[in-house]
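Computed from a predicted structure; not experimentally measured. Order of appearance sets the numbers: ligands from 1, and atoms from 1 within every ligand.
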Amino acid sequence: MKSQARVVVIGGGAVGCSALYHLARLGWSDVALLERDELTAGSTWHAAGNCPNFSTSWSILKLQRYSTALYARLAQEVGYEINYHLTGSIRLAHTADRVDEFHHVLAQARAQGTEFELLSPAQIRQRHPFLELDGIRLGLWDPGDGDIDPAQLTQALAKGARDLGATIYRHTRVTGITALGSGGWRIHTPSGSIDAEYVINAAGYRGGEVAAMIGEYLPIVTLSHQYLLTEDIPALVERGDARVPLVRDPDVSYYLRQERHGLLLGPYESRGRAHWLEGLPEEFAHQLFADDLGRIESYIEAACARVPILGSVGVKRVINGPIPYAPDGNPLMGPSTIGRNFFHCCAFTFGIVQAGGAGRVIAEWLVNGEPDWDVWPLDRRRYLPFANRTYTLAKGLETYEHEYGVAYPQEERPAGRPAKSSPLHDRLRTQGAVFGARGGWERALYYRQAGDPAGPECSFRRPHWHRAVARECAAVASGVALLELPGFTKFEVTGAGAANWIDHMAAGPLPRIGRTALSYFCSPRGGIVSEMTVSHLAPGRFWLISAAAGELHDEHWLRSHLTQRHGPVDIINVTAHFGSLVLVGPRSRKLLSRVTDADLSNAAFPWLSVRSIAIGYTEALAMRVNYVGELGWELHVPSEHLLAVHGLLLAAGEPFELAHFGLYAMDSLRLEKCYRSWKADLTTEYTPLMAALDRFVRLDKTADFIGREALRREAATGPKERFVPLLVAAHDADAAAVSIVYRGDERVGLVTSGGYGYRLNRSIALAYVRSDLAAPGTELEVEILGERCRALVASEPLYDPQNLRLRA
Ligand SMILES: Cc1cc2nc3c(=O)[nH]c(=O)nc-3n(C[C@H](O)[C@H](O)[C@H](O)COP(=O)(O)OP(=O)(O)OC[C@H]3O[C@@H](n4cnc5c(N)ncnc54)[C@H](O)[C@@H]3O)c2cc1C
């Protein structure tokens with residue numbers, strides 16, 4: 001074995017081989033792959049090999065779309081035969097919600113350039129002669145779906161990589177990894193060690209074992225998934241080489257496709273099974289679990305009723321194999337939070353169809369420093385440390401059991417909760433709070449009151465709780481209301497070099513002492529990595545506040561760019577030490593002045609300023625900023641005093657009829673102010689100039705911040721797309737993220753978030769549209785659940801354009 005390589009990929013399944021191939025294609029040929037057994041020995045060899053384009057996730061859709069296009073040309077590209085049957089697939093809808101989901105996904109796919117089709121029952125019959133159609137409303141046709149031989153796919157990728165100079169070592173188990181002083185890694189195997197600048201952990205369900213070698217915990221649980229293969233079915237034999245399309249019946253929860261002249265049936269059953277909770281066996285390669293048909297009996301019966309030829313023959317073989325699950329069922333990709341130049345690319349539940357796209361993304365991450373696509377839903381850093389073994393088991397099983405569930409826009413599933421809650425949790429519950437989890441924290445979504453209508457919590461249309469949200473928005477606009485935001489990410493940055501360092505990280509100007517500023521942190525390409533409020537508390541002392549979900553991501557970004565070049569800088573994550581209360585509304589000053597002696601007047605405490613104010617037995621860090629666009633304060637209170645301070649506010653709030661509001665109201669209010677949301681409206685695929693945040697960027701400032709050159713180039717030509725608010729003539733559903741914006745029949749933009757604004761009584765969408773169509777007054781259309789709705793480009797902010805209420 002050679003002693004050095006630029007990159008070592010650990011794991012020779014479909015994903016590892018794809019990573020190797022894509023690295024080599026990007027010109028990094030000094031790359032090696034270490035596989036403990038034979039290639040495909042993990043989950044790959046026994047996969048059913050289904051390759052849908054369809055996904056309810058925008059990021060996964062991208063990965064899969066890239067893969068299917070790659071697989072269609074791969075055999076020729078690398079000179080290796082692959083059995084790849086493009087049969088197309090039909091997904092069946094039994095319910096109205098499923099039909100809504102199909103409309104939603106169809107538009108997402110179209111926005112990415114993939115055309116799905118909705119089929120009436122009669123059209124389904126034409127494409128699949130053996131399906132019974134009772135109870136079926138319609139079908140979704142994915143013409144690019146099919147099945148591939150996973151082993152051949154892996155070998156083809158391996159050949160392609162080898163041909164470009166990559167090396168593959170089989171029967172070479174990685175037994176340990178040590179960090180080198182030079183910044184690289186030494187990878188130990190029984191046949192010697194190899195030094196690498198970069199490592200990619202593509203060890204599949206053993207991804208956690210590999211991560212543990214550098215002291216990192218990855219949230220992965222191994223479950224079993226099974227499918228059965230039937231004997232030959234005469235009706236299929238008669239059809240010769242003609243194959244029936246793949247069928248997915250998500251409302252029952254199974255897939256069914258032709259395999260040779262038989263059928264292959266795989267259910268996602270309602271009671272999943274976890275394995276190896278006490279640790280993975282040393283030896284398990286090219287092996288399966290024992291058949292467990294009892295678990296899937298009811299699905300077999302349902303599938304036989306739907307496709308009677310299935311029950312006409314016996315079962316030839318059962319495959320019950322290990323499959324890794326992260327809590328949300330998405331892979332774990334991207335940089336390790338522990339070691340530099342160590343990347344994860346594991347825990348794939350659909351790793352055959354995702355291998356192509358995953359290989360591309362991870363290769364770009366190493367070679368270019370970041371992938372072309374923002375893949376936050378797949379980013380390893382989305383999991384905070386609370387996502388431990390217990391959480392992962394509970395959530396992984398829940399995700400498996402809902403694999404085919406309707407992907408509602410706001411679904412709060414119960415497993416793994418409560419993981420983190422504030423001291424106010426029970427008090428808010430007695431006020432009617434209905435909670436959802438954000439970054440593990442239980443946060444109030446809305447407050448139910450006696451007499452409120454009941455109904456399903458989730459829908460693609462406006463659910464019953466919109467009435468509660470309207471009430472909360474009215475209280476914010478006309479009186480005073482309180483929101484608790486536990487887990488708001490907070491970093492204290494201190495030291496003589498702190499000011500200069502932050503100035504080199506953020507695109508905007510550094511706030512003066514006592515002031516707070518919204519700041520954008522960009523990638524070298526100018527994409528928006530993070531949005532934080534930077535508060536300058538004292539000389540050499542700052543607070544940086546960002547989204548709860550971004551805690552690990554933002555800390556990793558900050559620490560990985562930490563230098564002492566400008567003098568000493570220290571970062572402390574103080575997220576858990578402070579609770580956050582948002583007190584807003586025209587009467588908020590009066591209420592707050594009842595609990596503090598601090599001067600809250602405009603002269604002493606103007607908009608965008610920050611002060612420490614005494615409340616009860618503590619000092620709260622009060623910031624005159626908020627995300628809803630009314631007079632108000634964010635109060636960051638030491639956790640041990642939160643209950644007491646909250647109690648004081650409630651007591652003082654009685655004469656003011658202080659109301660509570662939740663995240664749903666906050667989202668509605670922020671849409672009216674056109675405040676962007678991180679990872680919805682702000683991603684690495686958009687720059688601050690595209691996001692119309694020019695006023696927060698100082699291209700000419702002295703500090704040479706990350707992304708400046710790219711932004712300068714963009715400023716010279718002007719961004720191709722521009723962020724705009726749209727007023728939408730919607731009916732009972734608002735525009736969801738990634739809805740398409742049209743001008744006539746031309747696709748001219750994409751919605752990044754949408755909802756209903758109750759202060760304006762308008763349906764709102766925030767979108768990126770072609771720059772020449774960004775002028776207020778431009779008439780466009782947005783597609784919502786299959787219907788084109790008129791959408792007018794408006795000026796931002798939509799509500800209180802002069803910010804008079806914020807400055808009141
Ligand atoms: C029954 C079943 C059906 C499935 N059907 C489909 C399907 O139709 N479509 C689909 O997309 N997905 C399907 N999957 C999922 C799919 O099998 C996996 O997502 C995919 O194989 C994962 O590929 P991988 O390369 O990430 O991991 P793996 O294939 O598990 O590869 C990881 C490799 O790393 C090696 N390794 C581990 N530790 C070390 C070490 N210390 N040193 C060196 N090497 C190491 C292993 O030996 C292994 O070869 C199915 C899964 C099951 C169980």
Min over Ile323, Val174, Thr349, Leu223 of heavy-atom distance to atom 51 (C) of ligand 1 lands on Ile323
Have a look at ligand 1 and work out which part of Cys17, if any, has a heavy atom under 4.0 Å from it: side chain, backbone, both or neither.
neither
Using 30° and 60° as the class boundaries, would you call the ring planes of Phe289 and Phe284 parallel, tilted or perpendicular?
tilted
Is there at least one pair of N or O atoms, one from Ile319 and one from ligand 1, spaced under 3.5 Å apart?
no
Thr172 near ligand 1, heavy-atom distance under 4.0 Å?
yes
Any side-chain heavy-atom pair from Arg91 and Asp142 closer than 4.5 angstrom?
no
Distance-minimising heavy-atom pair for Pro219 and Thr392
CB-OG1, 3.2 Å
Does Glu81, at its CD atom, have more than 12 non-hydrogen atoms belonging to other residues, nucleotides or ligands within less than 6.0 Å?
no
One residue to check: Tyr227. Relative to ligand 1, which of side chain, backbone, both or neither has a non-hydrogen atom less than 4.0 Å away?
side chain
Taking 4.0 Å as the limit for heavy-atom contacts, which would you say applies to Ala202 with ligand 1: side chain only, backbone only, both, or neither?
backbone
May I ask you to list the atoms of ligand 1 that are less than 4.0 angstrom from any heavy atom of His46?
52 (C), 53 (C)
Backbone or side chain, does any N or O of Gly49 fall under 3.5 Å from an N or O of ligand 1?
yes
Looking only at distance, does Arg36 have an N or O less than 3.5 Å from an N or O of ligand 1?
yes
Contact between Ala285 and ligand 1, counting heavy atoms under 4.0 Å?
no
So the atoms of ligand 1 within less than 4.0 Å of a heavy atom of Val15 turn out to be 23 (O), 24 (P), 25 (O), 26 (O)
I'd like to check which ligand 1 atoms, numbered from 1 as shown, lie under 4.0 Å from a non-hydrogen atom of Gly12.
33 (C), 34 (O)
Only heavy atoms of Arg173, strictly under 4.0 Å: list the atoms of ligand 1 that pass.
42 (N)
Take the angle between the ring planes of Trp373 and Tyr66 and call it parallel below 30°, perpendicular above 60°, tilted in between.
perpendicular
Within 4.0 Å of some non-hydrogen atom of Leu34, the atoms of ligand 1 are 43 (C), 44 (N)
Is there a side-chain contact between Tyr255 and Pro250 (heavy atoms, below 4.5 Å)?
no
Can you find an N/O atom of Glu209 closer than 3.5 Å to an N/O atom of ligand 1?
no
What part of Thr189, side chain, backbone, both or neither, has a heavy atom within less than 4.0 angstrom of ligand 1?
neither
Check the angle between the aromatic planes of Trp185 and Phe342 and answer parallel, tilted or perpendicular using the 30° and 60° thresholds.
perpendicular
Using heavy atoms and a 4.0 Å limit, tell me yes or no: is Pro322 in contact with ligand 1?
yes
Strictly under 4.0 Å, does any heavy atom of Ile10 approach an atom of ligand 1?
yes
Filtering Arg206, Glu35, Arg257 for the heavy atom nearest atom 46 (C) of ligand 1 leaves Glu35
Between the side chain of Arg248 and the main-chain N/O of Tyr404, is any donor-acceptor distance below 3.5 Å?
no
Counting C-beta onward and ignoring hydrogens, is there a side-chain heavy-atom pair between Leu288 and Trp45 closer than 4.5 Å?
yes
Could an N or O of ligand 1 be found under 3.5 Å from any N or O of Ser43, whether backbone or side chain?
yes
Test Glu259 against Arg317 for salt bridge (charged side-chain N to carboxylate O under 4.0 Å, His left out), laying out the working first.
CA-CA 12 Å; Glu259 172 70 17; Arg317 192 162 178 214; over 6 Å; no
What heavy-atom pair brings Ser18 and Gly359 nearest, and what distance separates the two atoms?
OG-CA, 3.3 Å
With respect to Ala48, determine whether any N or O atom, backbone or side chain, lies less than 3.5 Å from an N or O atom of ligand 1.
yes
With a 4.0 Å heavy-atom cut-off (strictly under), which part of Ala203 contacts ligand 1: side chain, backbone, both or neither?
both
If we number the atoms of ligand 1 from 1 as shown, the ones under 4.0 Å from a heavy atom of Phe350 are 10 (C), 11 (O), 12 (N), 19 (O)
Sequence neighbours left out, cut at 3.5 Å: what donor-acceptor pairs do the side chains of residues 260-268 make with other protein atoms?
{"unit_1": "His261", "atom_1": "NE2", "unit_2": "Gly240", "atom_2": "O", "d": "3.1"}

When you compare ligand 1 with Ile352, is there at least one nitrogen or oxygen pair between them that comes in under 3.5 angstrom?
yes
Please could you name the atoms of ligand 1 that Ala41 approaches to less than 4.0 Å, counting only its heavy atoms?
49 (O)
Please determine whether side-chain contact (heavy atoms from CB on, under 4.5 Å) holds for the pair Thr114 and Leu61, giving the CA-CA distance in whole Å, both sets of side-chain angles, and the decisive distance to 0.1 Å.
CA-CA 9 Å; Thr114 297; Leu61 199 60; over 6 Å; no
Pair Asn50-Ile352, side-chain contact (heavy atoms from CB on, under 4.5 Å): steps then yes or no
CA-CA 8 Å; Asn50 304 335; Ile352 304 307; over 6 Å; no
